[in-house]
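Please read the structure below before turning to the comments.
Every chain is numbered from 1, with letters handed out A, B, ... down the list of sequences.
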Number of protein chains: 2
Amino acid sequence: MITSFTEENYLKSIYHLSPDEGTAVNTNAIAESLNTKAASVTDMLKKLADKEFINYIKYQGVTLTPLGRERALNIIRKHRLWEVFLVEKLNFKWDEVHDLAEELEHIHSDLLINRLDEFLEFPKTDPHGDPIPDKNGKFNVPELIPISKLKNETLGIISGVREHSPLFLKYLEKTGLVLGQEITIKEQIEFDGSFIISIKENDIMISREVAKNLLIAI
Amino acid sequence: MITSFTEENYLKSIYHLSPDEGTAVNTNAIAESLNTKAASVTDMLKKLADKEFINYIKYQGVTLTPLGRERALNIIRKHRLWEVFLVEKLNFKWDEVHDLAEELEHIHSDLLINRLDEFLEFPKTDPHGDPIPDKNGKFNVPELIPISKLKNETLGIISGVREHSPLFLKYLEKTGLVLGQEITIKEQIEFDGSFIISIKENDIMISREVAKNLLIAI
DNA sequence: AATAATTTTTAGATTAATCTAAAAATATAA
DNA sequence: TTATATTTTTAGATTAATCTAAAAATTATT
Ligand SMILES: [Mn+2]
Ligand SMILES: [Mn+2]
Ligand SMILES: [Mn+2]
Ligand SMILES: [Mn+2]
């Protein structure tokens, strides 16, 4: 079953909005994430249900069928592999690749994407630390914890981000908070929830907002 | 001015159908090349004229404006660079890349395509021998002559094809008639217009149809 | 449990790209 | 140069994706 650009964006959105397999995603949440209106979402949900990509019960929200989940993961795989390509081979910065990958992920060719995967030597994560599903849709989610939930003196490695906006990513880059960097939590300031962390022998301060969005492997 | 997938295909088609800058392209020719109907073409021509990509006079056919030509060349540049990428980096065969490039050529990013150009070390021709316009739309057309127009004992190098169908390209590959191969014209059979050519010390026969579509640099 | 607030769906339009069938213009031929 | 054939354009529909406004269903609050 072929899928349009638009249908694929809906499937991806539903996947990203699913906390876990069973729980349903709301019409409004989809509308917001796709910058569209609830009425448009309802129309598309009917269509996706007809094509058996989602389970849809009026007024009850939707879940992905196994077929829908497979398709969503295939698009996410493409998105993340293209991001790796752009960063590794074409020297893009990690804050520059998302919008381009949003276009490239809709190129329809399994052969292309599998060859790209091979060319990139089967990367396990994308430039933002997100896992890349393999050709069978399998991937393992590493256990990452936001700095905001870590205790003092914890030592860990920056391994992912929760927020992908160029503004945030550029800030991290500038501050040296890049993937793979080792850090130690020094202290949390009770007043505003900010943190002092040590990085390369230096102590720096990061806001609570940043601490919530920076993921650490311990 | 942004252009849709569809508009871009029309611009590219008009460019390819223009024998030279001045002469107009017919509605029917465009319809045939895009596998659509004349009525649809007329609708689109009005739209492209509004956007100042073409000069359109009712019943008189169309020509590209400088703006339209620039846009067409940009899409052709992208098409051919992606073809090079697929062949050189992802090990695709020359008969496998066209349809994929038809999709990839519509990815909107000058930065991406210029970086890709650099990554590929600024190739001058695509896997079929067609010239790749540079970022300013400049390219030189090498003087290529079909075998069917060559005299006996001419020595030359296979440098392009006039026909891009996978069937034709696969046949050439199998027969050793690949780009860069040196050949000598031995004899034309008057009866059916076929040719005998020498390639790597062997004499082989090719039909008139093949001879018309294989381009040689002498 | 009744009322109010929120969410979701329907009804009815709009826009881009397409189509068929018919009309109009141009080109060709008697 | 009139008649015929061909090409091109218009008229009117259709389909996918979207929208606004209003109705219906669900959820939350008195
Ligand atoms: Mn991304
Ligand atoms: Mn990413
Ligand atoms: Mn091609
Ligand atoms: Mn080519």
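At the heavy-atom level, Y56(B) lies under 4.0 Å from the strands shown only through sugar-phosphate atoms. Nucleic acid contact class of Y10(A) (heavy atoms, under 4.0 Å, all strands): sugar-phosphate only. Note on T6(A): only backbone sugar-phosphate atoms sit closer than 4.0 angstrom, heavy atoms only; bases stay farther off. T27(B) comes within 4.0 angstrom of sugar-phosphate atoms only, judged by non-hydrogen atoms across all strands, and of no base. Here N26(B) lies in heavy-atom contact (under 4.0 Å) with sugar-phosphate atoms only.
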Inset, instruction - Decide ring pair (Phe, Tyr, Trp, His ring centres under 6.0 Å) for H98(B) and H79(B); before the verdict, give the C-alpha distance in whole Å, the side-chain angles of both, and the deciding distance to 0.1 Å. - result: CA-CA 8 Å; H98(B) 181 78; H79(B) 182 105; 4.8 Å; yes

Inset, instruction - Apply salt bridge (charged side-chain N to carboxylate O under 4.0 Å, His left out) to K51(B) and E7(B), showing your working. - result: CA-CA 10 Å; K51(B) 292 188 168 192; E7(B) 290 168 336; 2.9 Å; yes

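The nucleotide whose nearest atom lies closest to any side-chain atom of Q60(B) is, among dT10(D), dT9(C), dT26(C), dT26(C). Comparing dT18(D), dA11(D), dA11(C) by their nearest atom to the side chain of M44(A) picks out dT18(D). In this structure, the nucleotide among dT8(C), dT20(D), dT18(D) sitting nearest to the side chain of Y59(A) is dT8(C). Of the candidate nucleotides dT10(D), dT9(C), dT18(D), dT10(D) has the atom nearest to the side chain of K58(B). Candidate nucleotides dT8(C), dT18(C), dT18(D) were compared by shortest atom distance to the side chain of N28(A), and dT8(C) ranks first.
A cation-pi arrangement is absent between K135(B) and F122(B) under the rule of less than 6.0 angstrom and at most 45 degrees off the ring axis. By the 6.0 Å and 45° rule, R115(B) stacks over the aromatic ring of F92(A).
Atom CD1 in I2(A) sits roughly 12 Å away from atom C1' in dA16(D) (whole-Å rounding). Computed from coordinates, the E32(B) CD to dT8(D) C1' distance equals 16 Å when rounded to whole Å. Atom P of nucleotide dT10(D) and atom CG of L45(B) are separated by 11 Å, given to the nearest angstrom. The interatomic distance linking N9(A) (CG) with dT18(D) (P) rounds to 9 Å, in whole Å. Following rounding to the nearest Å, D43(A) (CG) and dA13(C) (C1') show an atom-to-atom distance of 12 Å. Between L34(B) atom CG and dA16(C) atom P there is a gap of 19 Å when expressed in whole angstrom units. The CD1-P distance, from I30(A) to dT18(D), rounds to 13 Å in whole Å.
Of the options L215(A), L172(A), N213(A), a side chain to side chain contact (heavy atoms under 4.5 Å, CB included) to V161(A) is made by L172(A) and by none of the others.
For dT20(C), one of the phosphate oxygens OP1 or OP2 lies less than 4.0 angstrom from a side-chain nitrogen or oxygen of K37(B). Contact check, S40(B) against dT18(C): no side-chain N or O comes under 4.0 Å of OP1 or OP2.
Along DNA chain D, the nucleotide closest to F5(A) and the one closest to A38(B) are compared, and the more 5′ of them pairs with A38(B).
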